[in-house]
A.B. asks: 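I'd like to ask some things about the structure below.
As the structure is a prediction and not an experimental result, all values here were calculated from the model. Sequence positions, counted from 1, serve as the residue numbers for this chain.
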Amino acid sequence: MLLKTFGWSFAITAVGLALAGVLWGWQGLAIVAILSVLEISLSFDNAVINAGILRKMNPFWQKMFLTVGILIAVFGMRLVFPVVIVAITAKLGPIEAVRVAIQDHDRYEALVTSAHPAIAAFGGMFLLMIFLDFIFEDRDIKWLAWLEKPLAKLGKLDTLSVVVSLVVLIISATTFATAVPVHDGEGTIDKATTVLLAGIAGLVTYLIVGGISDFFENRLEEDEDEEAEEGEDGAVEDAVPAGAQKGGGSVVGLAGKAAFFMFLYLEVIDASFSFDGVIGAFAITNDIFVMALGLGIGAMYIRSLTVFLVRKGTLDDYVYLEHGAHYAIGALAAILLISIKYEIPEVVTGLIGVVLIGLSFLSSVLRNRKEAASGDGSGAKAEVTSGV
């Protein structure tokens with residue numbers, strides 16, 4: 001199963017590294033390999049989040065995530081998106097923006113870096129909303145109960161996550177964005193308005209895409225319930241819509257509009273996670289093609305890891321993993337907003353996510369052992385804490 005799931009990633013790694021060696025020599029090969037590791041380390045938590053969403057979708061949309069989705073992730077976010085940002089921020093035409101990206105690497109790096117406050121505000125607010133909506137929801141299984149219990153009670157207030165996000169955005173715009181260092185390190189510039197607008201755009205994007213996805217998902221669940229109620233006792237099994245499957249005791253396989261908007265939601269999440277990787281890659285190279293190849297290889301492994309987690313049912317077996325990933329999202333959102341003014345090493349960003357997910361995995365293992373020792377392997381406890 002491991003080879004089947006990661007086969008394409010292994011193959012593309014081999015081809016990509018060979019291509020890098022031919023085009024740019026040993027130095028280029030080494031840079032591509034480093035960028036791949038950087039992308040994997042920064043986006044590991046992304047795979048856990050993606051898996052939690054992808055397991056709700058039917059096989060067709062899972063394949064769409066691996067095919068069309070990877071094209072968007074590699075070519076869209078790692079190659080096209082930075083050029084689009086350059087064209088917009090520098091007010092260049094598409095052809096001129098491409099020319100700058102290919103021929104004038106120093107200017108290209110300066111233009112993308114200057115757009116970092118807007119990128120960080122958009123991605124930071126989008127990820128912050130994901131984190132807040134998670135911790136404000138009352139869940140049967142709690143990882144850090146001492147924190148999650150009171151937050152779940154506060155979450156009963158409508159639109160609390162939006163209010164908190166807007167407060168964080170205002171604080172970020174009036175502190176980090178008022179004196180942003182320029183690319184050459186000489187002087188500062190006020191980007192408060194830019195950060196406010198970009199942050200609001202990230203918030204609105206989350207509300208629209210996430211809201212539509214939730215709407216169609218809820219509609220699908222309501223239709224299933226209605227059909228089950230109308231059917232005979234022996235026909236309940238037939239109430240599951242076409243394209244849905246049963247696994248792990250829950251209905252799996254969103255299709256149609258619900259799956260389409262969930263797919264869009266996944267892509268925006270992936271884009272938000274890729275922002276720090278694209279910006280951080282400039283610390284290693286400013287060649288757009290070297291950057292796209294290295295980050296693209298890393299993105300392939302994240303996709304494969306997502307599928308692996310879904311097929312193995314890892315999130316069902318290790319119930320705190322999603323908690324750890326969402327806490328990592330909250331940390332990344334904070335880092336993105338702070339990075340508007342202060343440079344934060346990529347190793348810090350990557351380690352925070354790895355540590356949080358590692359702790360949540362360890363807590364899950366301890367929980368499983370405790371249940372096995374007590375003879376309760378059903379996982380039916382209403383509320384379990386890890387003691388972390």
A.B. asks: Does one hydrophobic cluster hold both Leu197 and Leu169, with members joined at side-chain heavy-atom distances below 4.5 Å?
C.D. replies: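 No, it is not one cluster - the side chains of Leu197 and Leu169 are not joined through contacts under 4.5 Å.
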A.B. asks: So, using side chain to side chain contact (heavy atoms under 4.5 Å, CB included) as the criterion, who are the partners of Val168 when residues are at least two apart?
C.D. replies: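 Scan of Val168 (side chain to side chain contact (heavy atoms under 4.5 Å, CB included), adjacent residues dropped) gives Leu128, Val164, Ser172, Leu337.
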A.B. asks: Keeping His323 on the side-chain end and Ile357 on the backbone end, is there a donor-acceptor pair under 3.5 Å?
C.D. replies: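 Judged by distance alone, no pair lies under 3.5 Å.
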A.B. asks: Test of understanding: with side chain to side chain contact (heavy atoms under 4.5 Å, CB included), list the residues that count as partners of Val365, not counting sequence neighbours.
C.D. replies: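 Testing Val365 for side chain to side chain contact (heavy atoms under 4.5 Å, CB included), a comparison that skips the adjacent residues, returns Tyr318, Phe361, Arg369.
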A.B. asks: How far does CG of Leu321 sit from OG of Ser364, to the nearest 0.5 angstrom?
C.D. replies: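 These two atoms lie 5.0 Å from each other.
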A.B. asks: Surrounding CD of Gln27 (heavy atoms of other residues, nucleotides or ligands, distance under 6.0 Å), is the total greater than 12?
C.D. replies: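 At most 12 heavy atoms, drawn from other residues, nucleotides or ligands, come within 6.0 Å of this atom.
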A.B. asks: Out of curiosity, Phe136 CZ to Thr159 OG1, how far, rounded to the nearest 0.5 Å?
C.D. replies: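 Atom-to-atom, Phe136:CZ and Thr159:OG1 are 10.5 Å apart.
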A.B. asks: Do you know which two heavy atoms are closest between His116 and Ser339, and how far apart they sit?
C.D. replies: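 Nearest heavy atoms, His116 then Ser339: NE2-OG, 2.9 Å.
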A.B. asks: Among all residues two or more places apart in sequence or in another chain, which pass the ring pair (Phe, Tyr, Trp, His ring centres under 6.0 Å) test with Phe289?
C.D. replies: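 Phe289: no ring pair (Phe, Tyr, Trp, His ring centres under 6.0 Å) contacts found.
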A.B. asks: Tell me, please, which residues at least two apart from Glu148 pass salt bridge (Lys or Arg N to Asp or Glu O under 4.0 Å).
C.D. replies: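 None.
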A.B. asks: Give every residue pair that meets the side-chain hydrogen bond (donor to acceptor under 3.5 Å, both in side chains) criterion with at least one member in residues 195-208, sequence neighbours excluded.
C.D. replies: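 Applying side-chain hydrogen bond (donor to acceptor under 3.5 Å, both in side chains) to every pair that reaches into residues 195-208, excluding sequence neighbours, yields Asp133-Tyr206.
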A.B. asks: Nearest 0.5 angstrom please: Leu332 CG to Ile344 CD1, how far?
C.D. replies: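 Taking CG in Leu332 and CD1 in Ile344, the distance rounds to 10.0 Å.
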A.B. asks: Could you work out the complete set of other residues in the hydrophobic cluster of Val84, with links drawn between I, L, V, M, F, W and Y side chains under 4.5 Å apart?
C.D. replies: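 Besides Val84, the hydrophobic cluster comprises Val80, Ile88, listed by chain and residue number.
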A.B. asks: Within the distance-only criterion (no hydrogens, no angle test), does the side chain of Asp104 pair as donor or acceptor with the backbone N or O of Arg99 below 3.5 angstrom?
C.D. replies: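 A pair under 3.5 Å: no.
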A.B. asks: Got a sec: does the CD1 of Ile95 have more than 12 other heavy atoms crowding it under 6.0 Å?
C.D. replies: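 No.
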A.B. asks: I'd like to check the ring pair (Phe, Tyr, Trp, His ring centres under 6.0 Å) partners of Phe60; sequence neighbours left out, ordered by chain and number.
C.D. replies: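 Counting only residues at least two positions away or on another chain, Phe60 forms no ring pair (Phe, Tyr, Trp, His ring centres under 6.0 Å).
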A.B. asks: Taking only residues two or more places apart in sequence or in another chain, which ones pass ring pair (Phe, Tyr, Trp, His ring centres under 6.0 Å) with Phe65?
C.D. replies: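 Not a single residue meets the ring pair (Phe, Tyr, Trp, His ring centres under 6.0 Å) criterion with Phe65.
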A.B. asks: Look at the side-chain heavy atoms of Ile, Leu, Val, Met, Phe, Trp and Tyr, link any pair under 4.5 Å apart, and say whether Leu157 and Phe131 land in one connected group.
C.D. replies: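 Linked within one cluster.
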A.B. asks: Do Val37 and Val355 belong together in a cluster built from hydrophobic side chains that touch within less than 4.5 Å?
C.D. replies: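 Result: no, two separate clusters.
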A.B. asks: Assess whether side-chain contact (heavy atoms from CB on, under 4.5 Å) is satisfied between Arg367 and Ile141, documenting all intermediate values.
C.D. replies: CA-CA 11 Å; Arg367 170 188 184 270; Ile141 296 177; 4.0 Å; yes
A.B. asks: Please check if the side chain of Ser374 supplies one atom and the backbone of Glu371 the other of a donor-acceptor pair under 3.5 Å.
C.D. replies: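 Answer holds: yes.
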A.B. asks: Any heavy-atom pair between the side chains of Ser165 and Leu132 that's under 4.5 Å?
C.D. replies: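 They are in contact (side-chain heavy atoms under 4.5 Å apart), so the answer is yes.
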A.B. asks: Is a salt bridge present between Glu137 and Lys142, judged by a nitrogen-to-oxygen distance below 4.0 Å?
C.D. replies: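 Salt bridge absent between Glu137 and Lys142.
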A.B. asks: With the side chain counted from C-beta on, respond yes when Tyr327 and Leu144 share a heavy-atom pair under 4.5 Å apart, and no when they do not.
C.D. replies: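 Side chain of Tyr327 against side chain of Leu144, heavy atoms only: contact under 4.5 Å found.
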A.B. asks: With side chains defined as the heavy atoms from C-beta onward, is the minimum distance between Val307 and Arg311 less than 4.5 Å?
C.D. replies: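 Contact flag for Val307/Arg311 side chains = yes.
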A.B. asks: How long is the span from the CZ atom in Phe122 to the CD1 atom in Ile200, to the nearest 0.5 Å?
C.D. replies: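 So the CZ of Phe122 and the CD1 of Ile200 are separated by 12.5 Å.
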A.B. asks: Of the non-hydrogen atoms in Ala333 and Gly124, which two are nearest, and what is the gap between them?
C.D. replies: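 Closest approach of Ala333 to Gly124: CB-O, 3.4 Å.
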A.B. asks: Taking all heavy atoms of Ala173 and all of Ala177, pick out the closest pair and write down the distance.
C.D. replies: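 Closest approach of Ala173 to Ala177, heavy atoms only: O-CB, 3.4 Å.
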A.B. asks: Which atom pair, heavy atoms only, marks the closest approach of Ser114 to Lys191?
C.D. replies: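 Shortest heavy-atom contact: O-NZ, 3.0 Å.
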A.B. asks: Got a second to check how far Thr178's OG1 is from Ile340's CD1, nearest 0.5 Å?
C.D. replies: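 Going from the OG1 atom of Thr178 to the CD1 atom of Ile340 covers 10.5 Å.
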A.B. asks: Among the clusters formed by ILVMFWY side chains lying less than 4.5 Å apart, do Val163 and Val204 turn up in the same one?
C.D. replies: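 Shared cluster, no.
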A.B. asks: Are side-chain heavy atoms of Trp61 and Leu54 found at a separation under 4.5 Å?
C.D. replies: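 A side-chain contact is absent here, since even the closest heavy-atom pair is not under 4.5 Å.
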A.B. asks: Could you state whether Ile171 and Leu336 fall into the same hydrophobic cluster, counting links through intermediate Ile, Leu, Val, Met, Phe, Trp or Tyr residues with side-chain heavy atoms under 4.5 angstrom apart?
C.D. replies: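 Each belongs to a different hydrophobic cluster.
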A.B. asks: Answer yes or no: is there an ion pair linking Asp138 with Lys156, defined by an N-O contact shorter than 4.0 Å?
C.D. replies: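 Result for this pair is no, no salt bridge flagged.
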A.B. asks: Under 30°, 30 to 60°, or over 60°: which ring-plane class applies to Phe6 and Phe308, parallel, tilted or perpendicular?
C.D. replies: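 Because their plane-to-plane angle lies in the 30° to 60° range, the rings of Phe6 and Phe308 count as tilted.
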A.B. asks: Could you pull out all residues at least two apart from Phe176 that satisfy ring pair (Phe, Tyr, Trp, His ring centres under 6.0 Å)?
C.D. replies: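 Ring pair (Phe, Tyr, Trp, His ring centres under 6.0 Å) check on Phe176 returns nothing, list empty.
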A.B. asks: Is any side-chain heavy atom of Leu207 closer than 4.5 Å to one of Met129?
C.D. replies: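 Yes - at least one pair of side-chain heavy atoms lies under 4.5 Å apart.
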A.B. asks: Identify, with sequence neighbours excluded, every residue that meets side chain to side chain contact (heavy atoms under 4.5 Å, CB included) alongside Ala51.
C.D. replies: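 Side chain to side chain contact (heavy atoms under 4.5 Å, CB included) check on Ala51 returns Thr306, Leu309, Val310, Leu315.
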A.B. asks: Suppose the criterion is salt bridge (Lys or Arg N to Asp or Glu O under 4.0 Å): which pairs have a residue in residues 293-308, not counting sequence neighbours?
C.D. replies: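 Residue pairs with at least one partner in residues 293-308: Glu267-Arg303, Asp270-Arg303.
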A.B. asks: In Å and rounded to the nearest 0.5 Å, what is the CH2 to CG distance from Trp146 to Leu151?
C.D. replies: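 Rounded to the nearest 0.5 Å, the CH2-CG separation comes out at 9.0 Å.
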A.B. asks: Anything under 3.5 Å between a donor and an acceptor, one on a side chain of residues 12-22, the other on a protein residue two or more places apart or in another chain? List them.
C.D. replies:
unit_1 : atom_1 : unit_2 : atom_2 : d
Thr13  : OG1    : Ser9   : O      : 2.7
Thr13  : OG1    : Tyr301 : OH     : 2.8

A.B. asks: Check whether the side chains of Trp143 and Ser360 place a donor and an acceptor atom closer than 3.5 Å, and report yes or no.
C.D. replies: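 The criterion, which ignores hydrogens and geometry beyond distance, is not satisfied for Ser360 and Trp143.
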A.B. asks: Determine whether Ile135 and His326 make a side-chain contact, defined as any pair of heavy atoms from C-beta on separated by less than 4.5 Å.
C.D. replies: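 Side chain of Ile135 against side chain of His326, heavy atoms only: no contact under 4.5 Å found.
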A.B. asks: Considering all heavy atoms of both residues, which atom of Asn368 and which atom of Asp317 are nearest to each other, and what is their separation?
C.D. replies: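 Heavy atoms only, the tightest pair is ND2-O, 2.9 Å.
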A.B. asks: For Val86 versus Ala97, what's the shortest heavy-atom pair and its separation?
C.D. replies: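 Looking at all heavy atoms of both residues, the closest pair is CG1-CB, 4.4 Å.
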